[in-house]
There are 2 protein chains.
Amino acid sequence: MGITKSDLFTKQQNELANMAKAIAHPARIAILQYLLKKNACITGDLVDELGLAQATTSQHLKELKNAGIIQGNIEGASVCYCINPKIWKRYNTLFNAFFREVKDSDSNCC
Amino acid sequence: MGITKSDLFTKQQNELANMAKAIAHPARIAILQYLLKKNACITGDLVDELGLAQATTSQHLKELKNAGIIQGNIEGASVCYCINPKIWKRYNTLFNAFFREVKDSDSNCC
DNA sequence: GATTATAATCGTAATATTGCGATATGGGCA
DNA sequence: TGCCCATATCGCAATATTACGATTATAATC
């Protein structure tokens, strides 16, 4: 096999897992952090920043775009990327809800 | 290739990416949610809960244990699992820091 | 001691991810 | 039009992930 059995889980569980997958690579974390810092930038900036090949960088950007967490606007010959604040807030909300406080007393094993 | 170039990124970026990877599967989300609800349970409970084979469930438990987010205590013939509150809090802290507020005005592309 | 229950591990197949060179596409400019 | 620049996409190789049956290891029970 090798295919996730999504049908066994709730919509919410699949959504959160997919969100986690979108950021489950250091290059994609680095892209998002760079966009947070610079507000916006073009692909070439990220190729320089990351140190990965242009094709690889483009692929990571595609995954982030598919997840909706960034958006790209065509700017002449370049493409300008930035965070999508609406989706970003949804990530923030869902992760916060998931990682709600755990009391130490909650976790005494059996 | 197929191997992540971890050396290109900071320790913090790799750590956050690895945390995201640990929860980047709906079965592992479901396990954590079940543990949050029940406080603690044994492997067999999770096999019933998830609907995945025993071997598969055990594998997901191993990944969560490797990530440190859960711990297992041997309880006779069974193994009792629970959240590791220390690591859980670290996850909460790092994800919160990452998903800090983004102002709408921050994300006007170019 | 043999049997049963519980869970980890092994081996393997299917699929997904990561990375990059090569190639395509489309805009700007001489 | 012809030539560069910036990106996306294709094709491929290496590796990782997901899933499960079979096996193993240990503990409880008869």
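Here is the naming used below: chain letters follow the sequence lines, and residue numbers restart at 1 for every chain. Bear in mind the structure is a predicted one, so any value in this text is a computation, not a measurement.
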Selected nucleotide, minimal atom distance to A/Ser58 side chain, candidates C/dT18, D/dC20, D/dA8: D/dA8

Between B/Gln54 and B/Gln59: side-chain donor-acceptor atoms closer than 3.5 Å: no

Interatomic distance, A/Asn73 CG vs C/dG27 P [rounded to whole Å]: 15 Å

Spacing of CG belonging to B/Leu32 relative to CD belonging to A/Gln13, to within rounding of 0.5 Å: 10.0 Å

Nearest-angstrom distance from the residue atom NZ of B/Lys5 to P of D/dT15: 13 Å

Separation of D/dT17 P from A/Ile3 CD1 (nearest whole Å): 17 Å

Side chain of A/Lys62 (C-beta onward), nearest among D/dA6, D/dT9, C/dT18: D/dT9

Selection: residues 43-53 of chain B, any non-hydrogen atom under 4.0 Å of DNA chain D: B/Leu52, B/Ala53

Separation of atom CZ in B/Arg28 from atom P in D/dA16, rounded to whole Å: 15 Å

Residue B/Leu8 excluded, over 12 heavy atoms near CG under 6.0 Å: yes

Given DNA chain C, 5'-ward residue of the pair B/Thr57 and B/Ser6, judged by closest heavy atom: B/Thr57

Sugar-phosphate or base contact per nucleotide [nucleotides 22-30 of chain D; S, B, -; heavy atom under 4.0 Å]: -----SS--

Polar contact flag, side-chain donor to acceptor under 3.5 angstrom, A/Ser78-A/Glu75: no

Atom-pair distance (CD on A/Gln59; P on C/dA22), nearest Å: 17 Å

Nearest listed nucleotide, side chain of B/Lys21, among D/dT18, D/dT17, C/dT9: D/dT17

Any A/Thr56 side-chain N or O less than 4.0 Å from OP1/OP2 of C/dG19: no

